[in-house]
Amino acid sequence: GQNIDQPTEMTATEGAIVQINCTYQTSGFNGLFWYQQHAGEAPTFLSYNVLDGLEEKGRFSSFLSRSKGYSYLLLKELQMKDSASYLCGGGGSQGNLIFGKGTKLSVKP
Amino acid sequence: SAVISQKPSRDICQRGTSLTIQCQVDSQVTMMFWYRQQPGQSLTLIATANQGSEATYESGFVIDKFPISRPNLTFSTLTVSNMSPEDSSIYLCSVDFQTPSYGYTFGSGTRLTVV
(Lines give C-alpha, C1' and ligand atoms only; values in the text may rest on other atoms or scores of the structure.)
Protein backbone atom coordinates (compact mmCIF):
# COMPACT_ATOMS: atom_id res chain seq x y z
CA GLY A 1 0.00 0.00 0.00
CA GLN A 2 0.92 3.66 -0.16
CA ASN A 3 1.58 5.57 3.00
CA ILE A 4 3.26 8.76 4.09
CA ASP A 5 3.72 9.44 7.79
CA GLN A 6 4.76 12.60 9.55
CA PRO A 7 4.17 13.96 13.06
CA THR A 8 0.88 15.72 13.61
CA GLU A 9 2.15 18.70 15.57
CA MET A 10 5.41 20.28 16.65
CA THR A 11 6.29 23.34 18.68
CA ALA A 12 9.54 25.27 18.53
CA THR A 13 10.97 28.58 19.69
CA GLU A 14 11.72 31.58 17.53
CA GLY A 15 15.35 31.53 16.38
CA ALA A 16 15.72 27.80 16.94
CA ILE A 17 16.09 24.89 14.51
CA VAL A 18 13.37 22.30 13.95
CA GLN A 19 13.43 19.04 12.00
CA ILE A 20 10.21 17.57 10.59
CA ASN A 21 10.51 13.91 9.70
CA CYS A 22 8.65 11.99 7.01
CA THR A 23 8.61 8.29 6.16
CA TYR A 24 7.08 7.02 2.96
CA GLN A 25 5.96 3.98 1.04
CA THR A 26 4.73 4.85 -2.43
CA SER A 27 3.99 2.94 -5.61
CA GLY A 28 6.18 5.19 -7.70
CA PHE A 29 9.03 7.54 -7.00
CA ASN A 30 9.36 10.88 -8.73
CA GLY A 31 10.95 12.69 -5.84
CA LEU A 32 10.03 13.62 -2.29
CA PHE A 33 8.42 17.03 -1.98
CA TRP A 34 7.89 19.46 0.86
CA TYR A 35 5.22 22.14 0.98
CA GLN A 36 4.28 24.90 3.39
CA GLN A 37 0.61 25.67 3.91
CA HIS A 38 -0.70 28.56 5.96
CA ALA A 39 -4.26 28.29 7.21
CA GLY A 40 -6.79 28.99 4.47
CA GLU A 41 -4.17 29.12 1.73
CA ALA A 42 -2.93 26.73 -0.96
CA PRO A 43 0.27 24.76 -0.38
CA THR A 44 3.47 26.48 -1.49
CA PHE A 45 6.34 24.41 -2.88
CA LEU A 46 9.44 24.52 -0.66
CA SER A 47 11.85 21.84 -1.77
CA TYR A 48 12.26 18.44 -3.30
CA ASN A 49 14.82 15.65 -3.36
CA VAL A 50 15.15 13.04 -6.05
CA LEU A 51 18.63 11.81 -5.05
CA ASP A 52 19.90 10.88 -1.60
CA GLY A 53 21.41 13.64 0.44
CA LEU A 54 20.78 17.15 1.58
CA GLU A 55 19.35 19.99 -0.50
CA GLU A 56 19.80 23.44 1.00
CA LYS A 57 17.68 26.45 0.10
CA GLY A 58 18.34 29.33 2.44
CA ARG A 59 16.79 28.68 5.85
CA PHE A 60 15.18 25.48 4.58
CA SER A 61 16.95 22.20 3.88
CA SER A 62 15.55 18.83 2.94
CA PHE A 63 17.18 15.44 3.22
CA LEU A 64 16.36 12.15 1.54
CA SER A 65 17.35 8.52 2.06
CA ARG A 66 15.65 6.40 -0.60
CA SER A 67 16.84 3.12 0.89
CA LYS A 68 15.20 3.99 4.20
CA GLY A 69 12.12 5.65 2.74
CA TYR A 70 12.89 8.65 4.89
CA SER A 71 13.08 12.40 4.50
CA TYR A 72 13.24 15.41 6.74
CA LEU A 73 12.73 19.13 6.41
CA LEU A 74 15.06 21.30 8.46
CA LEU A 75 14.06 24.85 9.28
CA LYS A 76 16.74 27.13 10.72
CA GLU A 77 16.49 30.50 12.43
CA LEU A 78 12.79 30.03 12.96
CA GLN A 79 10.54 33.02 12.54
CA MET A 80 6.98 33.53 13.73
CA LYS A 81 5.81 33.49 10.11
CA ASP A 82 7.06 29.90 9.82
CA SER A 83 4.04 28.81 11.87
CA ALA A 84 2.17 26.72 9.32
CA SER A 85 1.47 23.17 8.27
CA TYR A 86 4.24 21.35 6.43
CA LEU A 87 3.24 18.64 3.97
CA CYS A 88 5.43 15.80 2.78
CA GLY A 89 4.46 14.36 -0.63
CA GLY A 90 5.71 11.51 -2.77
CA GLY A 91 4.96 9.49 -5.90
CA GLY A 92 1.47 8.17 -6.53
CA SER A 93 0.33 5.70 -9.13
CA GLN A 94 -0.87 8.34 -11.63
CA GLY A 95 2.27 10.49 -11.69
CA ASN A 96 0.63 12.63 -9.02
CA LEU A 97 1.74 13.17 -5.43
CA ILE A 98 0.22 11.59 -2.36
CA PHE A 99 0.57 13.47 0.87
CA GLY A 100 0.98 12.87 4.54
CA LYS A 101 -1.52 14.45 6.91
CA GLY A 102 0.80 17.39 7.46
CA THR A 103 2.74 18.63 10.47
CA LYS A 104 1.36 21.71 12.17
CA LEU A 105 4.32 23.74 13.40
CA SER A 106 3.79 26.39 16.04
CA VAL A 107 6.63 28.86 16.58
CA LYS A 108 6.60 30.51 20.01
CA PRO A 109 8.36 33.76 20.96
CA SER B 1 7.20 31.34 -15.10
CA ALA B 2 4.94 28.67 -13.71
CA VAL B 3 1.57 30.22 -13.03
CA ILE B 4 -1.72 28.48 -12.32
CA SER B 5 -4.87 30.58 -12.12
CA GLN B 6 -7.80 28.99 -10.35
CA LYS B 7 -11.27 30.43 -9.92
CA PRO B 8 -13.51 31.04 -8.14
CA SER B 9 -11.45 31.52 -5.02
CA ARG B 10 -14.45 30.83 -2.83
CA ASP B 11 -18.17 30.26 -3.08
CA ILE B 12 -21.14 29.52 -0.89
CA CYS B 13 -23.62 27.23 -2.61
CA GLN B 14 -27.02 25.75 -1.90
CA ARG B 15 -27.28 21.99 -1.52
CA GLY B 16 -28.38 20.22 -4.67
CA THR B 17 -26.69 22.71 -6.98
CA SER B 18 -23.42 22.34 -8.92
CA LEU B 19 -20.26 24.44 -9.08
CA THR B 20 -17.62 24.43 -11.81
CA ILE B 21 -14.06 25.30 -10.87
CA GLN B 22 -11.63 26.45 -13.55
CA CYS B 23 -7.87 26.04 -13.71
CA GLN B 24 -5.72 27.85 -16.29
CA VAL B 25 -1.99 27.19 -16.69
CA ASP B 26 0.40 29.56 -18.44
CA SER B 27 2.21 26.75 -20.27
CA GLN B 28 1.23 23.48 -21.89
CA VAL B 29 1.21 20.51 -19.53
CA THR B 30 0.35 16.89 -20.08
CA MET B 31 -1.36 16.06 -16.80
CA MET B 32 -3.36 18.16 -14.40
CA PHE B 33 -4.45 16.90 -11.01
CA TRP B 34 -7.47 17.79 -8.92
CA TYR B 35 -7.27 17.49 -5.13
CA ARG B 36 -9.67 17.97 -2.26
CA GLN B 37 -8.69 19.13 1.20
CA GLN B 38 -11.36 18.69 3.81
CA PRO B 39 -11.18 20.82 6.97
CA GLY B 40 -8.16 19.91 9.06
CA GLN B 41 -7.11 17.18 6.65
CA SER B 42 -4.37 16.69 4.10
CA LEU B 43 -4.74 16.61 0.34
CA THR B 44 -6.64 13.78 -1.35
CA LEU B 45 -6.38 13.21 -5.08
CA ILE B 46 -9.76 13.24 -6.84
CA ALA B 47 -8.64 12.57 -10.40
CA THR B 48 -5.97 13.02 -13.03
CA ALA B 49 -6.97 14.95 -16.15
CA ASN B 50 -5.23 14.22 -19.44
CA GLN B 51 -5.94 16.15 -22.59
CA GLY B 52 -7.90 14.16 -25.14
CA SER B 53 -8.97 11.33 -22.85
CA GLU B 54 -11.30 10.74 -19.94
CA ALA B 55 -10.05 11.63 -16.50
CA THR B 56 -8.80 8.87 -14.23
CA TYR B 57 -10.59 8.86 -10.89
CA GLU B 58 -9.28 7.67 -7.55
CA SER B 59 -11.15 5.23 -5.38
CA GLY B 60 -14.14 6.89 -3.77
CA PHE B 61 -14.59 9.51 -6.50
CA VAL B 62 -16.87 9.06 -9.52
CA ILE B 63 -17.38 10.92 -12.76
CA ASP B 64 -21.07 11.60 -12.14
CA LYS B 65 -20.24 13.49 -8.96
CA PHE B 66 -17.01 15.17 -10.14
CA PRO B 67 -17.09 15.54 -13.94
CA ILE B 68 -13.84 16.91 -15.36
CA SER B 69 -13.09 18.55 -18.67
CA ARG B 70 -9.66 18.95 -20.29
CA PRO B 71 -10.25 20.61 -23.66
CA ASN B 72 -6.62 21.60 -24.23
CA LEU B 73 -3.13 21.46 -22.69
CA THR B 74 -3.54 24.62 -20.60
CA PHE B 75 -7.03 24.38 -19.13
CA SER B 76 -9.23 22.10 -17.05
CA THR B 77 -12.47 22.30 -15.10
CA LEU B 78 -13.82 20.30 -12.17
CA THR B 79 -17.53 20.31 -11.42
CA VAL B 80 -18.87 19.40 -8.01
CA SER B 81 -22.38 18.13 -8.74
CA ASN B 82 -25.51 17.83 -6.63
CA MET B 83 -23.68 19.30 -3.67
CA SER B 84 -24.26 18.44 -0.03
CA PRO B 85 -22.66 19.96 3.09
CA GLU B 86 -20.15 17.09 3.08
CA ASP B 87 -18.66 18.57 -0.11
CA SER B 88 -17.55 21.66 1.80
CA SER B 89 -13.79 21.62 1.25
CA ILE B 90 -10.95 23.36 -0.48
CA TYR B 91 -10.49 22.14 -4.04
CA LEU B 92 -7.08 22.54 -5.67
CA CYS B 93 -5.69 21.92 -9.11
CA SER B 94 -2.05 20.98 -9.47
CA VAL B 95 0.47 20.66 -12.26
CA ASP B 96 3.89 19.05 -12.42
CA PHE B 97 6.08 21.58 -14.18
CA GLN B 98 8.95 19.10 -13.99
CA THR B 99 11.53 21.64 -13.00
CA PRO B 100 13.51 21.82 -9.74
CA SER B 101 12.30 25.35 -9.14
CA TYR B 102 8.60 24.63 -9.17
CA GLY B 103 7.98 20.92 -8.75
CA TYR B 104 4.27 20.23 -8.43
CA THR B 105 2.60 23.62 -8.21
CA PHE B 106 -0.89 24.24 -6.87
CA GLY B 107 -3.50 26.71 -7.90
CA SER B 108 -4.69 29.13 -5.26
CA GLY B 109 -7.60 26.87 -4.34
CA THR B 110 -11.38 27.16 -4.23
CA ARG B 111 -12.95 27.26 -0.78
CA LEU B 112 -16.42 25.78 -1.15
CA THR B 113 -19.10 25.99 1.53
CA VAL B 114 -22.37 24.15 0.94
CA VAL B 115 -25.35 25.26 3.00
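Reckoned from all heavy atoms, side chains included, excluding hydrogens, waters and symmetry mates. Quick note on labels: first sequence line is chain A, next is B, and so on, each numbered from 1. The model shown is predicted, which means the values in this text are computed figures rather than measured ones.
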| said: Same cluster or not: B:W34 versus A:Y35, using hydrophobic residues (I, L, V, M, F, W, Y) connected whenever any side-chain heavy atoms lie under 4.5 Å apart? | reply: no
| query | If you round to the nearest 0.5 Å, how far is CZ of A:F33 from OH of B:Y104? | reply | 5.5 Å
Under 3.5 Å, sequence neighbours excluded: what are the donor-acceptor pairs made by side chains of residues 8-20 of chain A?
unit_1: A:Q19; atom_1: NE2; unit_2: A:N21; atom_2: OD1; d: 2.9
unit_1: A:Q19; atom_1: NE2; unit_2: A:Y70; atom_2: OH; d: 3.2

| Could you state the interatomic distance from CZ (A:F45) to OG (B:S94), rounded to the nearest 0.5 Å? | 11.0 Å
May I have the list of side-chain donor-acceptor pairs in residues 108-115 of chain B shorter than 3.5 Å, sequence neighbours left out?
unit_1: B:T110; atom_1: OG1; unit_2: B:Q6; atom_2: NE2; d: 3.0
unit_1: B:T110; atom_1: OG1; unit_2: B:P8; atom_2: O; d: 2.6

| field | B:R10 CZ: over 12 foreign heavy atoms closer than 6.0 Å | value | no
| message | Less than 4.5 Å to any heavy atom of chain A: does that hold for the side chain of B:L45, its backbone, both, or neither? | response | side chain
| Part of A:Q37 lying under 4.5 Å from any heavy atom of chain B | side chain
| task | Give me the ring orientation class for A:F99 and B:Y35: parallel if the planes are under 30° apart, tilted from 30 to 60°, perpendicular past 60°. | result | perpendicular
Could you pull out all donor-acceptor pairs under 3.5 Å where a side-chain atom in residues 46-55 of chain B meets a protein atom, sequence neighbours excluded?
none

| Whether B:S42 side chain and A:G100 backbone form a donor-acceptor pair below 3.5 Å | yes
| Near A:R59 CZ, under 6.0 Å, is it more than 12 heavy atoms from other residues, nucleotides or ligands? | yes
| Should the heavy atoms of other residues, nucleotides or ligands under 6.0 Å from CD1 of B:I12 be counted, would the total exceed 12? | no
| query | Between CE of B:M32 and CG of A:N96, what distance do you get to the nearest 0.5 Å? | reply | 14.0 Å
| What residues of residues 66-73 of chain B sit under 4.5 Å from chain A when only non-hydrogen atoms are counted? | none
| Pair B:F33-A:L97, side-chain contact (heavy atoms from CB on, under 4.5 Å): steps then yes or no | CA-CA 9 Å; B:F33 307 100; A:L97 293 182; over 6 Å; no
| query | Does A:L78 belong to the same Ile/Leu/Val/Met/Phe/Trp/Tyr cluster as A:L73, with side-chain heavy atoms less than 4.5 Å apart forming each link? | reply | yes
| task | Count the heavy atoms of every other residue, nucleotide or ligand shown that sit under 6.0 Å from NZ of A:K101, and state whether that count exceeds 12. | result | no
| Same cluster (ILVMFWY, side-chain, under 4.5 Å), A:L64 and A:L54 | no
